[in-house]
Amino acid sequence: MNLVTTFTSFLFLLSLHQILADEKVRYDNFQVYRITPRSQKAVEDLRQLEDNGYDFWTSVRGVNQPVDIMVPPHYKHRFNDIIRLGQFDAEVYIPDVQKLIDNEKSQRASVGLEWSDYHTLDEIYDWLKNLANTNQNVELVTVGKTYEGRDILGVKVSFKEGNENRTVFIESNIHAREWISSAVTTWILNEILTSSDSNVREVAESHDWYFVPVFNPDGFVYTHTTDRMWRKTRVPYFLCVGADPNRNWDFHFNDGGSSPSPCSETYCGPKAFSEPSTKSISEFISTIGSKLQAYIAFHSYSQLMLLPYGYTSDHLENYQDLYDVGVKAASSLAKRYNTKYQVGNIVEVLYVASGGSMDWVKGTFGTPITYTYELRDTGRYGFVLPPDQIIPTAEETLDSLVTILQEFDKL
Ligand code: 0X9
Ligand code: ZN
Ligand code: ZN
């Protein structure tokens, strides 16, 4: 290669980089179909499709269990062929994903968080830092670091000494696109600090708390800057970027319901804790593991309260207590807005999913209270839940959390 061609290809690379740098993925005319397989064969056909260019917003569960699949406009016709040939029921649930994304945008500028819209990582971090600076019960904690070099920030809240062995840990936004989860966490944190409701105060002040709103900051930033529908980390692997951070934990790693292929949305990574974020967070949790009374993880969507484990449907450890309290918590949750949640073991109500954070915590430290929530909704908006649902979702979720902590103290 002579100097001129080297120089021109250098220029070319530069401009390609330039183009990619400011381009944001658009979802114009992407549709979310709700497909219900009516036979075991149809279930298997759908599983085949799962790693074939379609983004499954919910995973295949079984016969008569609906699955939400996002279909790009240029796949529409072949997707309609699939529907026609297979034993499915199909309906278009979201006619244009980009329209929902456009509606999700903030209408006005704001100071701090007010939960009338979703916020960027910087806004969330500024708010956490400000809380720690202005509130003597709040301490800023760095629980980890990401591949791209970001801090993973959270806060510790403690109202008095003696609560150490009743520590509650709240995780959210391990999946980047599940924005409602961090919005709920920051709202609950604010209530724990400021609510005058006597039940909330009692629960707040009789526990120590860790709140980590964004477990996957690199992915979360990417959903704001580039691709609203990103799920995984941003660690590069051959051909594709990112591992599923909720398949990457070192407990029954790659033991069903995760993929060894880097391009899959449920890629478990080349080995357990391959992702700097999960590895560093796990090291932090290990320093407080023996003190944990509760570990709560927030995801979206589907309105479920999930109990360990994700690798087996066996009812292990304190399954019965978790189930009974979970049912009571779901009924507290329903009181305010009549939002219905289903409670049960991950495998039984959802699907096999190994290597998740909650499973690692439960399996490693024997933490008594362990729930993974799939928050609102049931698919009308899916991951793009309108911001006017943030506060109602958070309110009802806190109602259920108060019930969980009160009921476990009675056992
Ligand atoms: O598949 C997941 O990781 C979660 N569902 S989601 O649609 N938000 O991706 C379920 C997590 C179940 N939890 C564990 N396996 N620990
Ligand atoms: Zn705002
Ligand atoms: Zn999730």
Side-chain angles (χ1 to χ4, degrees), residues 27 29-97 100 175 177-178 229 231-232 240 244 246-247 254-268 299-307 309-314 340-356 372 374-384:
Y27 287 95
N29 300 314
F30 280 58
Q31 302 190 315
V32 176
Y33 283 72
R34 176 157 291 190
I35 302 296
T36 309
R38 293 304 183 195
S39 67
Q40 196 52 44
K41 163 137 193 345
V43 169
E44 272 135 40
D45 289 346
L46 279 183
R47 289 222 164 91
Q48 293 262 321
L49 208 64
E50 201 159 355
D51 285 324
N52 270 296
Y54 300 95
D55 183 358
F56 278 56
W57 280 23
T58 63
S59 265
V60 182
R61 291 159 73 173
V63 178
N64 296 330
Q65 305 270 19
V67 182
D68 296 345
I69 307 171
M70 182 166 68
V71 179
H74 59 285
Y75 274 56
K76 195 177 167 159
H77 292 288
R78 58 183 94 162
F79 192 74
N80 283 329
D81 287 343
I82 292 169
I83 292 170
R84 200 163 36 77
L85 298 171
Q87 294 148 324
F88 315 112
D89 287 350
E91 52 186 315
V92 174
Y93 232 65
I94 299 177
D96 185 348
V97 172
L100 294 189
H175 289 140
R177 62 190 171 186
E178 297 168 9
M229 289 306 150
R231 165 182 170 96
K232 301 191 286 179
C240 286
D244 183 341
N246 208 35
R247 298 291 182 280
N254 197 11
D255 189 10
S258 68
S259 169
S261 139
C263 296
S264 165
E265 292 289 6
T266 54
Y267 177 43
C268 55
H299 288 250
S300 70
Y301 60 94
S302 287
Q303 297 176 197
L304 307 170
M305 282 186 75
L306 301 169
L307 321 179
Y309 288 92
Y311 74 92
T312 176
S313 57
D314 291 350
K340 301 255 182 337
Y341 271 62
Q342 194 190 340
V343 183
N345 165 273
I346 294 165
V347 177
E348 288 176 297
V349 310
L350 204 51
Y351 42 71
V352 178
S354 62
T372 292
E374 296 284 353
L375 298 167
R376 288 194 196 185
D377 56 11
T378 57
R380 168 71 182 83
Y381 296 99
F383 300 117
V384 202

Nearest atoms (heavy-atom pairs only) where Arg231 meets Glu265: NE-O, 3.0 Å
To the nearest 0.5 Å, tell me how far Leu350 CG sits from Gln342 CD. 9.0 Å
Side-chain donor/acceptor of Ser258 to backbone N/O of Ser354, under 3.5 Å: no
Just wondering, do Gln303 and Arg376 contact through their side chains at under 4.5 Å, heavy atoms? yes
Considering all heavy atoms of both residues, which atom of Pro262 and which atom of Cys240 are nearest to each other, and what is their separation? O-CB, 3.4 Å
Might you point out which heavy atoms bring Asn345 and Ser313 nearest each other, and give the distance in Å? OD1-CA, 3.6 Å
Can you find a heavy atom in the side chain of Asp96 that is under 4.5 Å from one in the side chain of Gln31? no
Go through the structure and list residues passing ring pair (Phe, Tyr, Trp, His ring centres under 6.0 Å) with Tyr75, not counting sequence neighbours. Tyr54
In chain order, what residues pass the side chain to side chain contact (heavy atoms under 4.5 Å, CB included) check against Asp81, with sequence neighbours excluded? Arg84
Tell me whether Asp68 is salt-bridged to Arg34, with the criterion being a basic N under 4.0 Å from an acidic carboxylate O. yes
State, yes or no, whether a side-chain contact exists between Leu49 and Phe79 at a heavy-atom distance under 4.5 Å. yes
Ile82 CD1 to His77 NE2 distance, which is reported to the nearest 0.5 Å: 13.0 Å
Under the rule for salt bridge (Lys or Arg N to Asp or Glu O under 4.0 Å), what residues qualify as partners of Lys41, not counting sequence neighbours? Asp45
Search all heavy atoms of Cys268 against all heavy atoms of Asn254 and return the closest pair with its distance. SG-CG, 3.8 Å
Sequence-distant partners of Asp255, salt bridge (Lys or Arg N to Asp or Glu O under 4.0 Å), two or more places apart: none
For Asp377, what residues pass the salt bridge (Lys or Arg N to Asp or Glu O under 4.0 Å) criterion, not counting sequence neighbours? none
Residues in salt bridge (Lys or Arg N to Asp or Glu O under 4.0 Å) contact with Arg61, at least two apart in sequence or another chain: none
Side-chain contact, heavy-atom cut-off 4.5 Å: His299 with Leu306? no
Yes or no on side chain to side chain contact (heavy atoms under 4.5 Å, CB included) for Val384 and Met229, after CA distance, side-chain angles and deciding distance? CA-CA 9 Å; Val384 202; Met229 289 306 150; 3.4 Å; yes
Quick one: side chain to side chain contact (heavy atoms under 4.5 Å, CB included) partners of Ala42, sequence neighbours excluded? Pro37, Ser39, Gln87, Phe88
From Tyr301 OH over to Trp57 CH2, what is the distance, rounded to the nearest 0.5 angstrom? 6.0 Å
Is there a side-chain contact between Tyr267 and Asp244 in this structure, where contact means two heavy atoms from C-beta onward sitting under 4.5 Å apart? no
Who are the side chain to side chain donor-acceptor pair (under 3.5 Å) partners of Ser300, not counting sequence neighbours? none
Rounded distance (nearest 0.5 Å) linking atom NZ of Lys232 with atom NE2 of His175: 10.5 Å
Arg177: what forms a side chain to side chain donor-acceptor pair (under 3.5 Å) with it, not counting sequence neighbours? Asp55
Looking at CG of Asn80 and NZ of Lys76, how far apart are the two atoms once the value is rounded to the nearest 0.5 Å? 6.5 Å
Within 6.0 angstrom of His74 NE2, more than 12 heavy atoms from elsewhere: yes
What I'd like to find out is whether the side chain of Val32 reaches to under 4.5 Å of the side chain of Phe383, using heavy atoms alone. no
Between Thr312 (side chain only) and Asp314 (backbone N and O only), is there a donor and an acceptor less than 3.5 Å apart? yes
Could you give the distance from CZ (Arg380) to CD1 (Ile94), rounded to the nearest 0.5 Å? 7.0 Å
With sequence neighbours excluded, what pairs up with Glu44 under the side chain to side chain contact (heavy atoms under 4.5 Å, CB included) test? Gln40
Please list, chain by chain and in numerical order, all residues satisfying side chain to side chain contact (heavy atoms under 4.5 Å, CB included) with Val60, sequence neighbours excluded. Val43, Leu46, Arg47, Glu50, Phe56, Val67
Restricting to ring pair (Phe, Tyr, Trp, His ring centres under 6.0 Å), what partner residues turn up for Tyr309, sequence neighbours left out? Phe251, Tyr311
Non-hydrogen atoms of Val349 and Gly344 that approach each other most closely: CG1-CA, 3.7 Å
